[in-house]
Each structure stands twice: as C-alpha cells, then as structure tokens.
Amino acid sequence: MFNLILFGPPGSGKGTQSERLIEKYGLIHLSTGNLLREEIQNQTTLGLAAKRYMDQGQLVPDEVVIGMIRSALDSNPKAKGFLFDGFPRTVAQADALDTLLKEKNTEIAAVLALTVSEKELIERLLNRGKTSGRTDDTNESIIQARIAEYENKTAAVARYYETFGKVIRVHGEGSIDDIFDLLCKEIDLKKVA
Ligand code: AMP
C-alpha cells in the first residue's frame, strides 16, 4: 500500500489537490471533514455532536475522528493506498493512525505539507464561503478560530512526522496545475525510492 497525508492549514488547497491526486494515483480519499459533513447531512448522533464543534471552528474530539478513520480503513481492505486529507490534526490522531496502519502492515510514505500565507488563506476561505455552502467559511472570526486550532494543535503533527523524516513542504500558492505538478514530482520520487 502507498499512503500519503496531504497536510496544511484550512484553505491551503488540500481538498482541490486531493481530488486530482486520488485519480492519478488510484488512492482512496479519506477526508475527515467530508466524512463529518456527511454525518451532519444524515443527521446522525455523531454528526449532530460534531456540528457543535465545527460551527465554532474547533476540532472535533480525537476519539470521534479516529473511530471514523478506523472504520474507513476496515471497509477498504483491497485499497492500493489512502490519501489522508485533514487528518491527522493532532499528535494523538497521528499516533493512532500509525498504530492502525501498522496493524495492516503498512505506513505513511510521505506527508506533503502545503504552505500558504495567512492572508491568502483568509481570502481563499471567504471566497470559497460564497459558494461552498459551508457556514464555517463565511464568518471571519470562525475562520480565525480554525487557523488558531491549526497553529495550536495541528502544526505539531508536521513536527511529529519530521522526526521520521517524512515531511515534504510544497509551496501552495500559484496555479492549481503548477501546485499539482509539484506534488506529483515529489510523490513520484517517493514511489521509486
Ligand atoms: P475541513 O473540511 O478539513 O476543513 O474540516 C472542517 C471541520 O471539521 C474542522 O474545522 C473541524 O471542526 C472538523 N474536523 C475535520 N477533520 C478533523 C480532524 N481530523 N480532527 C478534528 N476535527 C476535524
């Protein structure tokens, strides 16, 4: 299996690039944000509980997202690999992911970290809010809260994977095509390594 994490702050382009990467490399896309929004849509107990956090721009508790990832891994036993998007967002989630993958005799090949300035992130998210239907994209104070959660809890995930030499930083500003090419170059180097 070939597993990647697409890492970066909210608005860094993880969702957009994931759509293209899964198609090119035949990976299964696991976005915890998308999975949570599906739960909300279906009005499940999990979804209703998660919505309270998401509406405030706060992270959903670790147990909830780890449970979702565990069942997604279990329900795709034949996968060539997974692309994790928006997960892990805490060191506890990263630890849990490593354990889950180890149980399946696999691991993370690389963490591709998109870097984008804070000014550009806010502009992109407010812009996306005009069409995404996401309430957490329309309000600047919620966007700020999401970026603060990223800095306080999620940035440490990159440091965690850095200790294993797995982080590859990719400049996430520019055209979608150019950024996609940069990501593919890095992935292809990992695949032959
Ligand atoms: P995203 O679509 O990745 O921007 O996620 C939207 C929201 O879902 C976040 O602001 C969090 O409230 C929640 N969320 C998504 N993924 C996670 C995760 N791995 N851990 C905790 N909360 C998450």
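Counting starts at 1 for both ligands and their atoms, following the listed order.
Near Q58, meaning under 4.0 Å from one of its heavy atoms, ligand 1 places the atoms 11 (C), 12 (O). Interface of T32 with ligand 1, defined as ligand atoms under 4.0 Å from a residue heavy atom, comprises 15 (C), 16 (N), 17 (C), 18 (C), 19 (N). Numbered from 1 in the order shown, with element, the atoms of ligand 1 that lie under 4.0 Å from a heavy atom of G86 read 16 (N), 17 (C), 18 (C), 19 (N). With ligand atoms numbered from 1 in the order given, ligand 1 contributes 7 (C), 8 (O), 12 (O), 13 (C) to contacts under 4.0 Å with heavy atoms of M54. Remark: ligand 1 atoms within the under-4.0 Å shell around heavy atoms of R37 are 2 (O), 6 (C). Here is the list of ligand 1 atoms found below 4.0 Å of a heavy atom in Q93: 18 (C), 19 (N), 20 (N), 21 (C).
Here the straight-line distance linking atom CD of E39 with atom CE of M68 works out to 6.5 Å at 0.5 Å rounding.
Residue-level proximity to ligand 1 for V60 is carried by backbone and side chain together, each with a heavy atom below 4.0 angstrom. Contact annotation for K14 and ligand 1: no heavy atom of the residue comes within less than 4.0 Å of the ligand. When heavy-atom distances to ligand 1 are checked against a 4.0 Å cut-off, V65 comes that close only through its side chain, counted from C-beta outward.
Closest protein heavy atom to atom 14 (N) of ligand 1: L36 CD1, 3.5 Å. In terms of protein heavy-atom proximity, atom 9 (C) of ligand 1 is nearest to R89 NH2, 3.9 Å.
Qualifying ring-ring contact (aromatic ring centres under 6.0 Å, His included) partners for Y150, counting only residues two or more places apart in sequence or in other chains: F7.
Ligand 1 has at least one atom lying under 4.0 Å from a heavy atom of R134. Look at Q56 and you'll find every heavy atom at least 4.0 Å from all atoms of ligand 1.
Under the 3.5 Å distance criterion, the side-chain polar atoms of N3 are matched with a main-chain donor or acceptor of F82.
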Exercise for review: Please report the C-alpha distance between S175 and D177 in whole Å, then the side-chain angles of each, then the deciding distance to 0.1 Å, and finally whether the side chain to side chain donor-acceptor pair (under 3.5 Å) criterion is met.
Suggested key: CA-CA 5 Å; S175 80; D177 285 345; 5.4 Å; no

Exercise for review: Could you go through the side chain to side chain contact (heavy atoms under 4.5 Å, CB included) check for I187 and F2 one step at a time?
Suggested key: CA-CA 10 Å; I187 294 170; F2 183 69; 3.7 Å; yes

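Taking a 6.0 Å sphere around CG of L48, one finds it holds more than 12 heavy atoms contributed by other residues, nucleotides or ligands.
In this structure, E107 and K166 have side chains that are in contact, with non-hydrogen atoms separated by less than 4.5 Å.
In terms of heavy-atom proximity, L114 sits nearest to G13 at CD1-C, 3.9 Å.
Side-chain atoms of R124 and N127 include no donor-acceptor pair closer than 3.5 Å.
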